[in-house]
**Student:** 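Structure incoming, see below.
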Amino acid sequence: MNAQHSSAQTPAPAAPAPSSGRPVVLITGVGRTVGIGAAIARQLAESGWDVARTQWTPYDDRMPWGVEAEANDTIGAELTERGAATLAVEADMADPASPARVFDEVEQRLGPVRALVICHCESVDSGILDTSVESFDRHFAVNARAPWLLVREFGLRFAGEHGSGRIIALTSDHVVHNLPYGASKGALDRIVLASAREFAHLGVTTNVINPGPVDTGWMPDQVREHCTEHTPLGRLGTPRDTAHLVDFLCSPQGGWVNGQLLKSDGGISA
């Protein structure tokens with residue numbers, strides 16, 4: 001990473017990428033075909049966006065679901081079928097150099113980023129008594145520090161039309177027996193929403209979405225049954241539910257929604 005990025009100065013302009021005429025969205029955490037990030041990528045591609053995406057394979061490798069070997073190629077093909085130019089970048093968000101490196105690569109390959117959607121996370125279940133210092137620090141590095149650095153890079157580089165920029169992050173309020181995840185997501189909320197005012201001069205809108213319980217393969221049967229029973233609409237959330245809301249917020253029609261933490265959870269939190 002060059003000195004300009006590490007000192008938070010405006011980066012030197014990259015050589016312009018060939019333009020497709022479509023705006024570019026950068027979505028982090030798109031590593032699995034069943035994930036929320038992949039659903040958002042498909043929806044925005046359908047709505048006319050070019051899609052840059054990140055994933056970190058070693059994270060999936062240590063999770064119970066494991067690595068989905070063909071996910072990257074499958075998602076890329078689905079986005080291309082929807083008319084999008086697309087780029088996948090492996091990025092360890094625990095590395096503070098990753099956000100600037102990702103933006104550099106996306107700008108060089110696809111063009112300037114007009115929307116940033118933060119979907120990546122570190123999530124390992126543990127509570128107050130059994131969370132290690134190492135795990136706590138890694139959660140905050142990935143779930144709070146990386147979003148800050150991504151939002152900072154976006155603000156330093158954004159030169160789009162006033163009112164056209166978008167920042168959206170996914171959060172969670174699940175803290176009990178999920179301490180480092182929930183606490184770091186709470187920090188993410190505050191950091192990301194601050195940009196709604198700090199980026200007012202850029203005309204960038206910023207919102208955070210809490211999608212509630214969405215089963216992307218991680219739910220045990222007991223959790224699935226409990227969440228279904230306690231949701232007024234009688235079902236679990238799906239990745240497409242979140243994708244539809246992100247699509248609206250990224251559209252011109254969603255431009256008046258700003259600085260909000262939106263619960264899109266079927267009423268389970270009511």
Side-chain angles (χ1 to χ4, degrees), residues 17-18 20 22-95 98-99 101-111 113 115-125 138 142-143 146-147 150 168-170 172 181 209 211 213-221 223-224 235-247 250:
S20 69
R22 296 163 62 115
V24 175
V25 59
L26 168 59
I27 308 171
T28 64
V30 187
R32 303 168 62 225
T33 57
V34 297
I36 295 176
I40 293 171
R42 295 184 195 102
Q43 184 62 53
L44 291 179
E46 288 180 3
S47 294
W49 293 77
D50 285 341
V51 180
R53 61 198 198 276
T54 74
Q55 72 276 332
W56 183 235
T57 302
Y59 173 72
D60 289 323
D61 193 35
R62 60 185 169 86
M63 291 294 105
W65 50 78
V67 175
E68 187 180 350
E70 304 300 323
N72 188 43
D73 290 342
T74 300
I75 294 169
E78 291 172 336
L79 301 181
T80 299
E81 289 170 0
R82 290 163 170 81
T86 187
L87 169 69
V89 183
E90 279 278 334
D92 179 5
M93 289 300 174
D95 179 356
S98 287
R101 179 181 64 81
V102 169
F103 267 85
D104 283 345
E105 189 163 349
V106 173
E107 287 179 349
Q108 290 165 10
R109 298 281 298 277
L110 295 182
V113 175
L116 169 65
V117 182
I118 300 171
C119 297
H120 75 271
C121 73
E122 171 77 9
S123 179
V124 178
D125 291 347
R138 182 172 180 84
V142 174
N143 297 346
L150 287 161
I168 300 165
L170 300 190
S172 172
Y181 175 72
I209 297 172
V214 177
D215 187 8
T216 58
W218 61 270
M219 281 188 181
D221 289 342
V223 173
R224 187 180 298 107
R235 68 170 177 86
L236 295 173
T238 70
R240 283 183 61 84
D241 292 325
T242 306
H244 288 313
L245 179 53
V246 172
D247 189 34
C250 285

**Student:** Indicate yes or no: at least one non-hydrogen side-chain atom of Arg42 is less than 4.5 angstrom from one of Thr33.
**Tutor:**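 Of all side-chain heavy-atom pairs linking Thr33 with Arg42, at least one is under 4.5 Å.
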
**Student:** Of the non-hydrogen atoms in Glu90 and Pro58, which two are nearest, and what is the gap between them?
**Tutor:**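 For Glu90 and Pro58, the tightest heavy-atom pair comes out as OE1-CD, 4.2 Å.
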
**Student:** Mind checking whether Ile27 and Val246 have side chains closer than 4.5 Å, heavy atoms only?
**Tutor:**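 No, their side chains stay 4.5 Å or more apart.
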
**Student:** Can you name the nearest heavy-atom pair linking Gly31 to Ala71, along with the distance?
**Tutor:**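 That would be O-CB, 3.4 Å.
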
**Student:** Are any of the side-chain heavy atoms of Thr54 and Met93 separated by less than 4.5 Å?
**Tutor:**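 Counting from C-beta outward, Thr54 and Met93 do come under 4.5 Å.
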
**Student:** From Thr242 OG1 over to Ile168 CD1, what is the distance, rounded to the nearest 0.5 angstrom?
**Tutor:**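 If I round to the nearest 0.5 Å, the distance is 11.0 Å.
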
**Student:** I'd like to check the side-chain hydrogen bond (donor to acceptor under 3.5 Å, both in side chains) partners of Asp125; sequence neighbours left out, ordered by chain and number.
**Tutor:**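 Checked Asp125 against side-chain hydrogen bond (donor to acceptor under 3.5 Å, both in side chains); zero matches.
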
**Student:** If you round to the nearest 0.5 Å, how far is CG of Leu150 from CD1 of Ile118?
**Tutor:**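 CG of Leu150 is found 5.0 Å from CD1 of Ile118.
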
**Student:** Supply the atom-to-atom distance Thr57 OG1 to Asp92 CG, rounded to the nearest 0.5 angstrom.
**Tutor:**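 If I round to the nearest 0.5 Å, the distance is 11.0 Å.
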
**Student:** Could you measure the distance from the CZ atom of Arg138 to the CG atom of Asn143? Nearest 0.5 Å is fine.
**Tutor:**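 It is 10.0 Å, given to the nearest 0.5 Å.
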
**Student:** Provide the closest heavy-atom pair for Glu105 versus Leu87 in the form atom of the first, atom of the second, distance.
**Tutor:**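 Residues Glu105 and Leu87, closest heavy atoms: O-CD2, 3.9 Å.
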
**Student:** So, using side chain to side chain contact (heavy atoms under 4.5 Å, CB included) as the criterion, who are the partners of Thr238 when residues are at least two apart?
**Tutor:**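 Scan of Thr238 (side chain to side chain contact (heavy atoms under 4.5 Å, CB included), adjacent residues dropped) gives Arg235, Arg240, Asp241.
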
**Student:** Looking only at heavy atoms, what is the nearest atom pair of Tyr59 and Cys121, with distance?
**Tutor:**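 Shortest heavy-atom separation between Tyr59 and Cys121 comes out as CZ-O, 3.6 Å.
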
**Student:** Just so I know, are the side chains of His120 and Trp56 near enough to count as touching, which here means a heavy-atom distance under 4.5 Å?
**Tutor:**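 When only atoms from C-beta onward are counted, Trp56 and His120 do not touch, as no gap falls below 4.5 Å.
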
**Student:** Within the structure provided, determine whether Ile40 and Cys119 are in side-chain contact (heavy-atom separation under 4.5 Å).
**Tutor:**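 Heavy-atom side-chain distance check passes, below 4.5 Å.
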
**Student:** Quick test of your reading of the model: are Asp221 and Arg224 salt-bridged, counting only N-O distances below 4.0 Å?
**Tutor:**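 Yes, Asp221 and Arg224 are salt-bridged.
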
**Student:** Any side-chain heavy atom of Asp60 within less than 4.5 Å of one from Gln55?
**Tutor:**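 Result no, sub-4.5 Å side-chain heavy-atom pair not found.
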
**Student:** Just jot down the side chain to side chain contact (heavy atoms under 4.5 Å, CB included) partners of Ala115, sequence neighbours excluded, or say none.
**Tutor:**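 Listed in chain order: Val25, Trp49, Arg166, Cys250.
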
**Student:** So, do Pro239 and Val214 sit near enough that their side-chain heavy atoms are less than 4.5 Å apart?
**Tutor:**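 With C-beta onward as the side chain, the pair touches.
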
**Student:** Kindly give the heavy-atom pair with the smallest separation between Leu79 and Ala45, and that separation in Å.
**Tutor:**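 That closest heavy-atom pairing would be CD2-CB, 3.9 Å.
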
**Student:** Ser47 and Asp247: which non-hydrogen atoms are nearest, and at how many Å?
**Tutor:**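 Closest approach of Ser47 to Asp247, heavy atoms only: OG-OD1, 2.8 Å.
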
**Student:** Using side chain to side chain contact (heavy atoms under 4.5 Å, CB included), reason through Val124 and Met63 one step at a time and then give a plain yes or no.
**Tutor:** CA-CA 9 Å; Val124 178; Met63 291 294 105; 4.1 Å; yes

**Student:** Would you mind reporting whether Thr86 and Arg53 have side-chain heavy atoms less than 4.5 Å apart?
**Tutor:**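 Side-chain contact under 4.5 Å: yes.
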
